[in-house]
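Scroll down for the structure; my scribbles are underneath it.
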Amino acid sequence: MDVPVNSVWQQNLFLGSWQNGDGEQVDIMEPATGEVITQLKAATPLDVDRAAIIAKDAQKKWMAVPFDQKAEILRRAAALLKERAEEINGWNTRECGSIGPKADWELQATYEQAQMAAAMPMQPNGEIFPSSIPGKRNYWKRVPLGTVGVIAPWNFPILLSMRSVFPALAMGNCVILKPDPKSSICGGALMAQILEDAGLPEGVFHVLPGGPDVGQALVEHPLVKMISFTGSTAVGKKIGEICGRMLKKASLELGGNNAQVVLEDADLDIASSCGAWGSFLHQGQICMQTGRHLVQSSVADAYIARLAARAGNLACGNPAQEQVHIGPLINEVQAKRVEGIVNRSVEMGARIVVGGRRNGNYYEPTVIADVTSDMPVFSEEVFGPVAPVMTFDSDSEARDLVNESPYGLAAAIHSGSTERALKIANQIQVGMIHINDQTVNNEFQVPFGGMGSSGNSGRFGGPANIEEFTTSQWVSVMEEGMQYPF
Ligand code: NAD
């Protein structure tokens, strides 16, 4: 795939002041080869201040832009995503190690977010409430928050930034986006270019590529009224603390350690296919990854054999050069982390059925059996292509194992009886449960989000977006003023 390197990110990312700032020139690495593919000037905490001041003024004007014009800009952005698919997907592959179908899916999902956001400005934005006082009208309306800070991770960098950026803009906010430094081009620069070309007025959207210091400055900035964060639980907790102290709205979409429960009456071909997809898609670097396969003892051997056969059939390699199922992990630190978790679990008695080897940034799709709940492969979010299998005997034991994790993002339950599966579903504490399907599910029109250590119940998607990216205001009108006792 021919990627036009050095074509976009040197251009205006909507904030000229940032480009003239004193941030360093940083390397953008290609995970598949370990080579530097381009460089990008990083933003600094000072740039956050500059952007926030510009955005404060721009927001007043943007809020006043008629709803149909806002919608038109978002529709144009959606169209540009499609027009530039080859370029965007090329970057997703080169910069993030995404295989073609993952890049295609991410782009389509982002397009759907833009289309959905384009429909938001035309929605009614308030209600009229009755009053006990004659001649008084109570209007209750949704109003923009002001400037929204969006902090995004590198695994689905386009979707996980734009699912916040588009609806926040649609509701009349300005946005400052801080992409992860490992995905600054496709998760930041390309999106800035698209919104600029779509006609978004200058100053409304800022991309500030940088590290945790830039993210922290964004969280702490008093002119930034909301933080929409997607990333790890550890960082999410720190951000939540700061936002709590500042009484700032925080939407936290965090990590997961998602279980797929396979009951003895499940279709094992379907369950193992779902399990393989859920564990190995994008090398397992997905918050909704199936991190725990909980299988009823009587069918465990048959399930493991099917899952291992599927894992063994997956081709591993550089997705920019060949058609593969499994690309590289994002960098060596992550690949070594995955290796360490597997090795420590094996030392504790786990058995590798297939895979288990690292080669540079690549890690083989791996199935591990004889897993117990004290092993790191069970208790930690692995974020790599690893499928740990643990057995259980009764439905209540399966329920307890699911609930044992402090995370609560997604789960899947496989059974020939949807009633039986639903009974378990009703007793587990996760935000999204899929019966006879896999854990990595996302539909733009359905609210998405986790519980427990997976997030603070902010919700993206569908009708939830309106509440998420606004605050509310009560305006009452007295037709004639009245006298009070004082
Ligand atoms: P991370 O938390 O390390 O980084 C996420 C973002 O936060 C990056 O942009 C990073 O630069 C920034 N950041 C880091 N420290 C910061 C700080 N102190 N203040 C402000 N910003 C800071 O996460 P990651 O390793 O990039 O992503 C993987 C994690 O994200 C996994 O745990 C995964 O499960 C989670 N995730 C969750 C969802 C979801 O929707 N729930 C989706 C994707 C990924």
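Indexing begins at 1, ligand by ligand and atom by atom, following the structure's order.
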Would you list the atom pairs, donor with acceptor, under 3.5 Å between side chains in residues 376-387 and any protein atom, with sequence neighbours excluded?
unit_1: S379; atom_1: OG; unit_2: M375; atom_2: O; d: 3.3
unit_1: E381; atom_1: OE2; unit_2: G256; atom_2: N; d: 3.1

Return all side-chain donor-acceptor pairs below 3.5 angstrom for residues 155-175, not counting sequence neighbours, or 'none' if the list is empty.
unit_1: N155; atom_1: ND2; unit_2: Q285; atom_2: O; d: 3.0
unit_1: S161; atom_1: OG; unit_2: P157; atom_2: O; d: 2.6
unit_1: S161; atom_1: OG; unit_2: I158; atom_2: O; d: 3.1
unit_1: R163; atom_1: NH2; unit_2: T230; atom_2: OG1; d: 3.2
unit_1: S164; atom_1: OG; unit_2: S228; atom_2: OG; d: 2.8
unit_1: N173; atom_1: OD1; unit_2: L145; atom_2: N; d: 2.7
unit_1: N173; atom_1: OD1; unit_2: G146; atom_2: N; d: 3.1
unit_1: N173; atom_1: ND2; unit_2: A168; atom_2: O; d: 2.8
unit_1: N173; atom_1: ND2; unit_2: F469; atom_2: O; d: 2.9

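Summarising the local packing, CH2 of W277 is surrounded by 12 or fewer heavy atoms from other residues, nucleotides or ligands at distances under 6.0 Å.
Shown are E95, M191, E87; of these, the side-chain contact (heavy atoms from CB on, under 4.5 Å) with C186 is made only by E95.
Look at K102 and E106 and you find a salt bridge, because one of the NZ, NE, NH1 or NH2 atoms lies within 4.0 Å of a carboxylate O, short of that distance.
The protein residues lying under 4.0 angstrom from ligand 1, judged by non-hydrogen atoms, are I151, A152, P153, W154, N155, L160, R163, K178, P179, D180, P181, P212, G215, Q216, F229, T230, G231, S232, V235, I239, E253, L254, G255, G256, C287, E381, F383, L409, F448.
Judged as a side-chain hydrogen bond (donor to acceptor under 3.5 Å, both in side chains), and not counting sequence neighbours, the contacts of Y303 are Q260, H293.
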